[in-house]
There are 2 protein chains.
Amino acid sequence: MQVKIKDVAKHAGVSVTTVSRVLNGERYVKDDLKAKVNDAIQELGYAPSQIARSLVRNKTNLIGVIVPDLTSSFYSTILSSIEDMASANDYNLLVCNISENIDKELKYLNVFQEMRVEGIIIMHEKINEEIRHLIHKINIPVIFSSVKPLDQSFASVIVDDYQASYDATKYLIELGHETIGFIGGDLQDITSGQNRYSGYRNAMADNGKTLVDEHIRFGDYKVRSGYLHMKELLSIERPPTAVFAVSDDMALGAMNCIRDHQLRVPEDISVMGFDGSLLTELVRPTLTSMEQPIQEMGRATMDVLLKQISGKKIPTGDVVLEHRLVIRESCQPRI
Amino acid sequence: MQVKIKDVAKHAGVSVTTVSRVLNGERYVKDDLKAKVNDAIQELGYAPSQIARSLVRNKTNLIGVIVPDLTSSFYSTILSSIEDMASANDYNLLVCNISENIDKELKYLNVFQEMRVEGIIIMHEKINEEIRHLIHKINIPVIFSSVKPLDQSFASVIVDDYQASYDATKYLIELGHETIGFIGGDLQDITSGQNRYSGYRNAMADNGKTLVDEHIRFGDYKVRSGYLHMKELLSIERPPTAVFAVSDDMALGAMNCIRDHQLRVPEDISVMGFDGSLLTELVRPTLTSMEQPIQEMGRATMDVLLKQISGKKIPTGDVVLEHRLVIRESCQPRI
DNA sequence: ATTCGCCGCGAAAACGTTATATCCTTTTCA
DNA sequence: TGAAAAGGATATAACGTTTTCGCGGCGAAT
């Protein structure tokens with residue numbers, strides 16, 4: 001059986017209350033007693049039970065995180081940054097990896113509620129009515145990181161996806177490309193689906209480029225999806241000279257596909273990514289990408305959440321971070 | 001304030017005990033009462049407090065995980081697999097990302113103890129005396145995943161790193177390579193440092209290849225490290241015609257370096273990786289690699305840990321999984 | 001007809017902490 | 001000098017559950 005505060009008290013010859021005082025660094029304990037208590041703690045190897053502590057303090061120092069895919073470079077980087085911030089603020093992370101598994105998400109939201117987590121971070125926006133309702137019901141601060149759900153009542157930390165996509169497309173246009181393929185995300189996603197698509201459309205239209213239906217495809221942000229859609233783009237009569245994929249993973253897939261068709265990036269086709277994940281520097285050619293400040297996104301997420309938890313309501317629901325075009329090797333002027 | 005079991009009891013007109021019985025699916029509750037209780041739970045939106053439950057049951061359903069680097073494809077894949085198994089067995093994961101930060105590890109081990117986690121998973125082997133001592137002291141089942149520390153008293157799930165490395169090297173030898181560069185890990189690591197190095201050495205010696213000091217280098221498993229060490233290998237007079245890096249990340253770094261020097265993989269230099277991470281299929285050329293069964297490793301880890309937790313002591317401390325050479329494009333016969 | 005055992009329920013005692021109330025000292029200050 | 005304030009310690013009541021125990025009622029077995 002674990003040693004408990006009572007044992008420490010007995011061993012040190014003081015009351016339980018005094019031990020508790022020493023543990024929590026309160027005043028009103030003389031140094032000699034404090035020393036005796038600390039010795040006892042040391043000797044018995046006592047570690048206070050956070051469970052009991054949480055119960056009486058009504059505070060768990062727990063934060064629940066729902067990640068769509070742990071193995072994705074993008075999400076794991078955000079998570080890593082979130083973990084740093086959490087640890088620095090003495091919060092612990094309960095993580096759930098829902099790989100497209102909607103049931104698991106529902107289950108975990110319940111677990112989070114039962115565990116009395118103080119806040120919840122969600123990194124995807126495909127929330128159905130049931131989940132939306134549940135989130136509202138449980139009355140725990142929730143923040144969306146890197147995505148923004150339709151429901152305006154939820155806080156979120158994002159970039160301006162529309163503008164970022166607009167800027168990325170514009171850059172390709174400025175390089176002289178007349179035809180620019182687009183590999184988008186799920187149109188049911190507002191943030192990364194619709195907004196990025198609109199940005200692309202409007203940049204094209206504003207600059208007098210015609211939108212070709214054949215050049216526009218929608219994937220699921222993953223490498224394989226980028227590969228397959230690129231294959232389709234290459235199969236049409238006059239493939240675009242540049243391709244904008246709304247995730248680095250899909251951009252990588254596209255690059256691989258292009259190479260597998262004996263074409264070169266960027267000489268034959270320029271490829272632009274989105275996210276600024278670690279991948280961009282690991283692949284050859286290095287990937288020009290519309291970068292989200294991933295690290296900062298994690299930090300900002302925790303920042304806002306911690307404020308929500310401590311009761312300081314955030315004035316606006318959204319924190320919009322700056323996107324940044326990082327030019328590497330995968331895009332070049334149209335010759 | 002949260003609604004509690006007492007409120008449910010009052011609302012349903014029964015005793016607290018009865019509500020608890022319904023919650024835990026015990027017998028001895030008549031159907032009509034059960035229905036009334038369930039209605040009350042529904043109406044009040046009651047979720048039982050795991051905190052209180054844990055306290056009285058002396059069981060938290062929590063498992064602590066210490067990951068060296070969340071952003072690494074290898075670790076995040078193991079973690080993802082561990083999470084799946086945990087979730088399936090109604091366990092929740094408390095994750096800690098220690099990026100070379102030894103203090104953070106110490107801190108988290110304490111947190112794990114205070115949180116009364118039922119088991120701890122550690123994915124690195126650089127544990128110093130203090131940590132070793134602490135782990136022994138806290139008396140919670142601990143298992144090492146993908147690594148095996150010197151201390152034989154700890155359980156672990158690994159591959160036979162020596163043999164895997166031996167086999168990988170032998171494959172390169174069989175391809176006709178006379179000179180094979182080696183980019184190893186930290187020699188202070190038993191599993192991935194020493195064992196893999198010995199495997200390489202012995203495979204070379206057993207097949208009459210001379211070991212060239214200049215061809216042997218030691219990195220830190222990361223992409224950048226592979227790049228830098230490959231640069232050194234390329235700077236010597238007669239670079240090896242094949243290179244074996246003991247992580248896929250380093251192998252990728254090596255490939256990038258080779259390409260940046262206007263050489264081709266595998267035509268000029270063959271590159272062999274280790275791990276079988278997702279990267280292997282994402283890069284071009286695809287990476288031949290000595291694959292660890294990453295998914296299974298996560299599963300086996302949880303499997304053993306759960307048995308340890310339930311008190312069924314595991315006969316042997318180690319579970320050794322099968323490694324497998326997966327031949328892709330990055331290695332070819334020496335011409 | 002009495003005992004025995006299972007049902008079906010509730011009251012109350014845990015679980016390991018912190019918070020509250022209380023009590024005795026000692027110090028401070030008018 | 002006396003009263004109030006502050007310091008130092010304790011006993012006890014929470015916190016929200018599960019578990020133990022006990023107590024009727026009822027059918028079956030003795």
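Every chain is numbered from 1, with letters handed out A, B, ... down the list of sequences. Not measured: the values here are computed from a predicted model. These numbers come from the heavy atoms of this one structure, side chains and all, not from hydrogens, waters or symmetry mates.
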Using the test side chain to side chain donor-acceptor pair (under 3.5 Å), find all partners of B:His133 that sit at least two apart in sequence or belong to another chain. none
Pairs flagged by ring pair (Phe, Tyr, Trp, His ring centres under 6.0 Å) wherever residues 44-79 of chain B is involved - sequence neighbours left out: none
The correct set of residues in residues 30-43 of chain B placing a heavy atom under 4.0 Å from DNA chain C is B:Lys30, B:Leu33
Smallest heavy-atom separation, A:Val157 atom then A:Ala300 atom, equals CG1-CB, 3.9 Å
Side chain to side chain donor-acceptor pair (under 3.5 Å) with A:Glu83: which residues, sequence neighbours excluded? B:Lys104, B:Tyr108
For B:Gln292, all residues meeting side chain to side chain donor-acceptor pair (under 3.5 Å), sequence neighbours excluded: B:Asp275
Counting primed atoms, P, OP1 and OP2 as sugar-phosphate and everything else as base, the B/S/- map of nucleotides 17-24 of chain D against protein heavy atoms under 4.0 Å is BBB-B---
On the nucleotide C:dC9, are OP1 or OP2 found under 4.0 Å from the side-chain N or O atoms that B:Thr18 carries? no
Atom CD of A:Gln50 to atom P of D:dG16: distance rounded to whole Å? 17 Å
So how far off straight is the helix from C:dA1-D:dT30 to C:dA30-D:dT1, going by the axes through five pairs at either end, to 10°? 50°
Applying side chain to side chain donor-acceptor pair (under 3.5 Å), can you list everything that pairs with A:Thr17, at least two apart in sequence or on another chain? none
To the nearest Å, give me how far apart CD (B:Gln2) and C1' (D:dA14) are. 18 Å
So which pairs with a foot in residues 37-66 of chain A pass salt bridge (Lys or Arg N to Asp or Glu O under 4.0 Å), sequence neighbours left out? A:Lys59-A:Glu118
Between CG of B:Asp7 and C1' of D:dC15 the distance, given in whole Å, is 13 Å
Pick out which of A:Glu296, A:Gln295, A:Met302 makes a side chain to side chain contact (heavy atoms under 4.5 Å, CB included) with A:Ser81. A:Gln295
Name all pairs fulfilling the salt bridge (Lys or Arg N to Asp or Glu O under 4.0 Å) condition that reach into residues 88-97 of chain B, sequence neighbours left out, sorted by first residue then second. A:Lys107-B:Asp90
Provide, to the nearest angstrom, the distance between the CD atom belonging to B:Glu114 and the C1' atom belonging to C:dG16. 13 Å
May I have all residue pairs that pass salt bridge (Lys or Arg N to Asp or Glu O under 4.0 Å) and include part of residues 68-79 of chain A, sequence neighbours excluded? none
With salt bridge (Lys or Arg N to Asp or Glu O under 4.0 Å) as the rule and sequence neighbours excluded, what pairs involving residues 127-143 of chain B come up? B:Glu129-B:Arg132, B:Arg132-B:Asp151
